[in-house]
Amino acid sequence: MPGLMSAPDDTSSNETSPQAAERIDPALLLPIVIAPSAILKAKAKPVGPGDEDTVRALAPKMLATMYKAPGIGLAAPQVNVGLRMVVVDIQKAGSPGPLVMINPEVVSVSQELNTYEEGCLSLPEQFAEVTRPAVVTVRYQDLSGKKEQLTADGLLATCIQHEIDHLNGVLFVDHLSALKRNMIMRKLAKEQKRKD
Ligand code: GNR
Ligand code: NI
């Protein structure tokens, strides 16, 4: 994506990776969309040449919102933006992050599977075991428009697949049986109603 250059003071790098909650600028926080919602079921649109300003402005906001939650990933549809963009930071020693991935695509997945207890900021307080490929290779563009490729395993692999699912209108509960999914959606609805 030519023209999507980062300024020297670009906020997508370390200064938007605060371990301490008090370093998060409250002005950057976006409301997180809770399921059920049409935007969470829609397929997000590829980021294109006209979207540079949008994604540049959105990246620090998505990172701040993810860290504040706290979460290890966040997809644009979760903040009501229908573009193919995600942020990821599993905040584990030796793991890359913060990552801003634009138009991420799964290149290959392992035959080996892995099961993790997943949660989602759009399904607050709901958790279930989800089985996915243990290793995933993804291609994406970074904020400067540079093409990147990353092979991930462990929690990072799970998180990246969870985020790319969001761009395709898929939630972790869509990987469960209808029975388990309905149980979670009813529990969530009940809890949300109680909070109103
Ligand atoms: O914060 C999150 N934790 C998490 C745990 C296991 C598997 C996936 C995730 S992603 C989630 C944040 C989120 O909802 N991202 O879309
Ligand atoms: Ni999620």
Side-chain angles (χ1 to χ4, degrees), residues 17 32-47 62-63 65-67 69-79 81-142 146-189 191:
S17 182
I32 295 176
V33 177
I34 306 302
S37 168
I39 186 100
L40 296 176
K41 298 214 124 196
K43 192 172 162 81
K45 293 188 164 43
V47 171
M62 285 180 62
L63 286 164
T65 303
M66 176 186 75
Y67 289 124
I72 60 170
L74 188 71
Q78 294 182 276
V79 291
V81 176
L83 287 174
R84 302 187 76 79
M85 171 174 175
V86 310
V87 295
V88 171
D89 190 349
I90 66 166
Q91 301 197 46
K92 204 174 133 206
S95 272
L99 292 170
V100 178
M101 301 182 163
I102 293 165
N103 296 334
E105 286 186 70
V106 174
V107 175
S108 66
V109 295
S110 61
Q111 269 190 259
E112 185 196 344
L113 304 177
N114 210 344
T115 303
Y116 267 97
E117 173 109 306
E118 298 200 16
C120 181
L121 297 174
S122 296
L123 301 164
E125 295 160 50
Q126 310 304 317
F127 302 91
E129 288 196 338
V130 178
T131 299
R132 303 179 184 270
V135 186
V136 61
T137 298
V138 286
R139 270 200 265 263
Y140 61 95
Q141 285 178 270
D142 70 11
K146 188 161 62 125
K147 295 198 172 173
E148 300 280 5
Q149 183 165 305
L150 172 69
T151 297
D153 64 8
L155 182 59
L156 183 60
T158 289
C159 185
I160 288 170
Q161 291 172 81
H162 175 118
E163 301 315 331
I164 292 176
D165 269 356
H166 275 298
L167 303 182
N168 296 323
V170 174
L171 298 174
F172 81 78
V173 290
D174 295 319
H175 293 279
L176 308 176
S177 68
L179 181 69
K180 285 185 185 172
R181 175 167 59 252
N182 290 338
M183 276 183 37
I184 287 179
M185 296 313 287
R186 282 192 213 103
K187 267 200 305 174
L188 178 63
E191 202 48 26

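Under a cut-off of 6.0 angstrom, the local environment of CD in Glu117 is crowded, with over 12 non-hydrogen atoms contributed by other residues, nucleotides or ligands. Heavy atoms from other residues, nucleotides or ligands lying under 6.0 Å from CE of Met185 number more than 12.
Remark: side-chain polar atoms of Asn182 are not paired, donor with acceptor, to backbone N or O of Leu179 under 3.5 angstrom. In this structure, the side chain of Gln126 engages the main chain of Pro124 through a donor-acceptor pair within 3.5 Å. In this structure, the side chain of Glu191 does not engage the main chain of Lys187 through any donor-acceptor pair within 3.5 Å. A donor-acceptor contact shorter than 3.5 Å links the side chain of Asp89 to the backbone of Gln91. Checked by atom type and distance alone, the side chain of Ser122 pairs as donor or acceptor with a backbone atom of Val33 at under 3.5 Å.
Considering only residues two or more places apart in sequence or on other chains, Glu148 meets the salt bridge (Lys or Arg N to Asp or Glu O under 4.0 Å) condition with Lys146. With sequence neighbours excluded, no residue forms a salt bridge (Lys or Arg N to Asp or Glu O under 4.0 Å) with Glu105.
Rounding to the nearest 0.5 angstrom, the gap separating the CZ atom in Phe127 from the CD atom in Glu118 is 11.0 Å.
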Could you list the donor-acceptor pairs under 3.5 angstrom formed by side chains in residues 94-101, with sequence neighbours left out?
none

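With respect to Gln78, the side-chain contact (heavy atoms from CB on, under 4.5 Å) criterion is satisfied by exactly one of Leu121, Ile39, Val86: Leu121. Tested against Pro104 for a side-chain contact (heavy atoms from CB on, under 4.5 Å), the candidates Ile160, Leu150, Leu167 yield a single pass: Leu167.
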Begin with the C-alpha distance, continue with both residues' side-chain angles, and end with the deciding distance and a verdict on side-chain hydrogen bond (donor to acceptor under 3.5 Å, both in side chains) for Gln149 and Arg139.
-> CA-CA 4 Å; Gln149 183 165 305; Arg139 270 200 265 263; 3.0 Å; yes
Evaluation steps, salt bridge (Lys or Arg N to Asp or Glu O under 4.0 Å), between Lys41 and Asp174 = CA-CA 11 Å; Lys41 298 214 124 196; Asp174 295 319; 5.3 Å; no
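Between Pro133 and Ser110, the closest heavy-atom pair is CB-O, 3.7 Å.
No side-chain heavy atom of His166 sits under 4.5 Å from any side-chain heavy atom of Asn168.
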